[in-house]
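The figures that follow rest on heavy atoms only: side chains count, while hydrogens, waters and symmetry mates do not. Naming convention: chains lettered A, B, ... in sequence-line order (proteins, then strands); numbering from 1 in each chain.
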Number of protein chains: 2
Amino acid sequence: MGITKSESFTEEQNEIANLLKALANPARVAIIQYLLKVDSCICGDIVNELPLAQPTISQHLKELKNANIIQGTIEGKSICYCINPETMSKIESYFGGISLKLKNKCC
Amino acid sequence: MGITKSESFTEEQNEIANLLKALANPARVAIIQYLLKVDSCICGDIVNELPLAQPTISQHLKELKNANIIQGTIEGKSICYCINPETMSKIESYFGGISLKLKNKCC
DNA sequence: ATTTATTATCGTAATATTGCAATATATAAA
DNA sequence: TTTATATATTGCAATATTACGATAATAAAT
């Protein structure tokens with residue numbers, strides 16, 4: 001159906017899935033990597049950096065923003081985006097917990 | 001278009017995006033969590049565990065297998081699935097690297 | 001060989017995602 | 001106020017994803 005049966009799963013499962021879905025696209029991975037490189041905030045240099053049209057970048061930024069992975073602050077006539085470290089740390093510890101569990105057992 | 005311009009991005013960016021895409025679904029998150037809980041291999045108890053039809057589970061398992069997140073070994077008339085710790089560790093260190101970079105700077 | 005149990009595949013319907021052109025909005029500068 | 005710059009929104013078209021019923025494939029047990 002293209003529809004995910006979210007009601008059938010826990011809130012945590014849906015939350016993780018939504019966070020990962022926001023990151024699960026090469027353009028958005030590239031945006032995150034660029035934001036990491038320039039390490040402070042930026043705006044639409046991303047449009048110059050990536051081979052995608054401005055509306056497409058804008059849409060990707062919106063999705064990352066909705067997932068709380070990045071945040072944007074208005075700065076004059078442009079908007080300054082940066083990574084939300086708390087969300088990233090949440091994702092990191094999710095996978096950290098998985099790896100920890102895996103270290104004890106083996107399949 | 002529903003099509004991702006993978007050619008426009010690096011192999012690493014596409015690889016990470018594909019790994020995360022494989023995990024970016026609550027049913028697949030639930031499968032991973034279940035595999036972690038029972039800590040050794042299983043097969044189609046997942047069908048009994050999750051409120052999804054058998055073909056749907058089978059399809060999700062296939063996607064996880066294609067992404068190398070799980071592996072299945074034939075065991076009699078059933079198939080035993082388990083998490084591939086190497087792939088999980090790759091994902092973990094990806095986010096570990098991001099969090100490390102974020103610790104130094106602030107936006 | 002037939003039956004039974006387990007998993008995979010096919011076909012299809014419903015919905016979601018990706019990308020862009022066109023256009024709108026917002027703010028700063030002239 | 002007009003103009004220029006920066007970003008967002010709308011409205012598609014193309015493709016991908018999710019889910020399931022029906023059915024096939026595989027292998028043990030009888």
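Listed pair A:Ser58 / D:dA8 meets the phosphate criterion, a side-chain N or O lying under 4.0 Å from OP1 or OP2. Listed pair B:Tyr81 / C:dA8 meets the phosphate criterion, a side-chain N or O lying under 4.0 Å from OP1 or OP2. A sub-4.0 Å separation between OP1 or OP2 of C:dT9 and a side-chain N or O of B:Lys62 is present. Residue A:Lys5 has a polar side-chain atom (N or O) positioned under 4.0 Å from OP1 or OP2 of D:dC20. Residue A:Thr56 places at least one side-chain N or O under 4.0 Å from the OP1 or OP2 atom of C:dC20. Put simply, B:His60 has no side-chain N or O that comes within less than 4.0 Å of OP1 or OP2 on D:dT17.
Closest heavy-atom contact between B:Leu61 and B:Tyr81: CD1-CE1, 3.5 Å. Nearest approach of A:Ser99 to B:Glu92, heavy atoms of both residues: OG-OE1, 3.1 Å. Nearest approach of A:Ile83 to A:Gln71, heavy atoms of both residues: O-OE1, 4.2 Å. Taking each heavy atom of A:Leu20 and A:Ile91 in turn, the nearest pair found is CD2-CG2, 4.2 Å. For B:Pro51 against A:Phe9, the heavy-atom pair with the smallest separation is CD-CE2, 4.4 Å. Minimum interatomic distance between A:Leu50 and A:Ala27 (heavy atoms only, all atoms of both residues): CD1-O, 3.9 Å.
In the set C:dC20, C:dA8, C:dT6, C:dC20 carries the atom at the smallest distance from any side-chain atom of A:Gln59. Across C:dA16, C:dA8, D:dC20, the shortest atom-to-atom separation from the side chain of B:Leu52 is found for D:dC20.
Rounded to whole Å, atom P of D:dA6 lies 16 Å from atom CD of A:Glu49. Atoms CD1 (A:Ile70) and C1' (D:dT7) sit 13 Å apart, rounded to a whole Å. Distance CD (B:Glu63) to C1' (C:dT9): 14 Å, rounded to an integer number of Å. Put simply, CD1 on B:Ile46 is 14 Å from C1' on C:dA8, counting in whole angstrom units. One interatomic measurement links the two molecules: CG of A:Leu64 to C1' of C:dT17, which rounds to 14 Å at whole-angstrom precision. Per the geometry, CD1 belonging to B:Ile79 stands 18 Å off P belonging to C:dA5, to the nearest Å. To the nearest angstrom, P of D:dA6 lies 15 Å from CG of A:Leu61. Rounded to a whole Å, the CG atom of A:Asn25 is 11 Å from the P atom of D:dT17.
B:Ile69 pairs in a side chain to side chain contact (heavy atoms under 4.5 Å, CB included) with only one of the listed residues (B:Leu64, B:Ile31, B:Asn84), which is B:Leu64.
When the ring pair (Phe, Tyr, Trp, His ring centres under 6.0 Å) test is applied to B:Phe95, the partners found at least two apart in sequence or on another chain are A:Phe95.
Against DNA chain C, the stretch residues 11-23 of chain B makes no heavy-atom approach under 4.0 Å.
A heavy-atom distance below 4.5 Å is found between the side chains of A:Lys65 and A:Ile70.
At a threshold of 4.0 angstrom between heavy atoms, the contacts of A:Ile57 with the nucleic acid are absent.
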- Query: Can you give one letter per nucleotide of nucleotides 22-30 of chain C, going 5' to 3': B for a protein heavy atom under 4.0 Å from the base, S for sugar-phosphate only, - for none?
  - Reply: B----SS--

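Without hydrogens or angle criteria, A:Arg28 side chain to B:Ala17 main chain gives no donor-acceptor distance under 3.5 Å.
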